[in-house]
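What follows is a single structure, written as structure tokens, with notes after it.
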Number of protein chains: 2
Amino acid sequence: LGKIEIRISGLGGQGVVLAGQILGKAAAYDGKNVVQTQSYGAEARGSMAKSEVIISESKIGFPVIRKCDILIAMNQKAVDEHLKDLKTGGTLLIDSCNVKELQVKAQIYKIPATSKAEELLKEKLYANIIILGALTAIKKIVSNRAMEKAIKDSFHVDEITKNIYAYKKGIELGSSIRLTKNVP
Amino acid sequence: LGKIEIRISGLGGQGVVLAGQILGKAAAYDGKNVVQTQSYGAEARGSMAKSEVIISESKIGFPVIRKCDILIAMNQKAVDEHLKDLKTGGTLLIDSCNVKELQVKAQIYKIPATSKAEELLKEKLYANIIILGALTAIKKIVSNRAMEKAIKDSFHVDEITKNIYAYKKGIELGSSIRLTKNVP
């Protein structure tokens with residue numbers, strides 16, 4: 001595995017911070033070293049939010065991401081702001097309901113997370129968990145078992161069923177998704 | 001205010017990560033910029049956990065703490081490991097139930113958080129929230145109102161009352177605590 005650096009960005013309210021926390025927990029359950037960072041406040045003004053997860057087999061010396069291996073962008077502004085920090089040949093996962101313009105060299109996975117969340121659960125707030133499912137299916141950086149445990153640990157008992165359902169739908173989406181190679 | 005850097009450390013299970021998340025949220029509610037970082041996994045092996053919060057009026061350029069202004073140590077090992085990173089004249093808050101040896105130059109506040117939690121709430125897991133109350137009373141880096149809102153936002157509805165109670169008891173402890181100047 002080596003070291004994997006993931007950045008998740010989107011509008012405040014899209015669950016970017018929670019998604020990073022769940023991903024970080026899951027990787028720790030898999031026995032990895034994890035540093036997980038979130039920014040709030042004026043950095044997030046215009047109500048953008050950012051969350052970062054560094055996962056490594058060995059000790060993490062420098063806990064800051066400069067270039068990420070995986071960028072998860074929940075809206076257009078997240079792509080516009082953070083694409084410059086994606087490594088060449090890195091992986092871009094987007095919520096395709098909220099991202100329209102893409103002129104990038106990257107492995108792009110378009111996940112219609114928001115519309116799936118509305119369709120299946122009547123609430124777009126599950127889009128972040130659907131994206132985590134898709135990420136798990138596509139990149140296999142954490143085990144399915146650890147991810148389910150991390151989700152269960154992150155919600156109150158009466159919210160677990162819907163979130164596990166959203167996660168599994170994300171797994172399905174991620175398993176069937178076609179990689180889009182955009183070479184402008 | 002400028003920039004304030006806080007590190008919280010203790011055993012896994014002492015609520016160090018959650019305490020950092022609540023403190024970070026509260027500072028954001030106060031309109032500050034916040035970066036909040038947590039480490040899991042092997043860095044936390046021997047089951048130590050670490051959480052960091054940087055609070056600033058202006059944009060936070062470098063999101064890593066080298067020396068902290070405030071160290072919250074929930075057990076002896078946390079003091080032993082992290083005291084070297086406390087700034088000269090910095091503030092040390094300890095859970096005095098779990099820290100016995102102190103030979104340091106710092107402003108030290110000894111909070112009997114674990115025993116208070118057991119006495120008042122029959123559960124030592126509230127010690128982290130008691131410490132947050134004490135911190136708020138002593139250092140006033142976040143407003144009381146923002147802290148209460150952050151606590152309410154961080155727990156399920158049926159857990160809020162006890163946590164707000166723990167927080168208020170922490171405020172009382174912090175308001176009446178005597179500063180211990182240890183100059184070895």
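Basis for what follows: all heavy atoms, side chains included, without hydrogens, waters or symmetry-related copies.
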Engaged part of A:Gln21 at the chain B interface, taking heavy atoms whose separation is under 4.5 Å: both
Same apolar cluster: B:Ile6 and B:Ile177, side chain cutoff 4.5 Å: yes
Hydrophobic cluster membership, A:Ile22 vs A:Tyr29, 4.5 Å side-chain cutoff: no
Straight-line distance of A:Lys25 NZ to B:Gln38 CD, nearest 0.5 Å: 9.0 Å
Geometric class of the B:His156/A:His156 ring pair [parallel <30°, tilted 30-60°, perpendicular >60°]: parallel
same_hphob_cluster(B:Ile4, B:Leu93) at 4.5 Å side-chain heavy-atom cutoff: yes
Same apolar cluster: B:Met147 and B:Ile164, side chain cutoff 4.5 Å: yes
Chain A contact via B:Asp30 - side chain, backbone, both or neither, heavy atoms under 4.5 Å: neither
Toward chain B, the part of A:Phe155 with a non-hydrogen atom under 4.5 Å: neither
Within one Ile-Leu-Val-Met-Phe-Trp-Tyr cluster: A:Ile8 and A:Tyr126, side-chain cutoff 4.5 Å: no
Nearest atoms (heavy-atom pairs only) where A:Ala28 meets B:Tyr40: CB-CB, 3.6 Å
Within 6.0 Å of NZ in A:Lys139, more than 12 heavy atoms from elsewhere: yes
Atom pair CG/OG of A:Asn33 and B:Ser39 - distance to nearest 0.5 Å: 9.0 Å
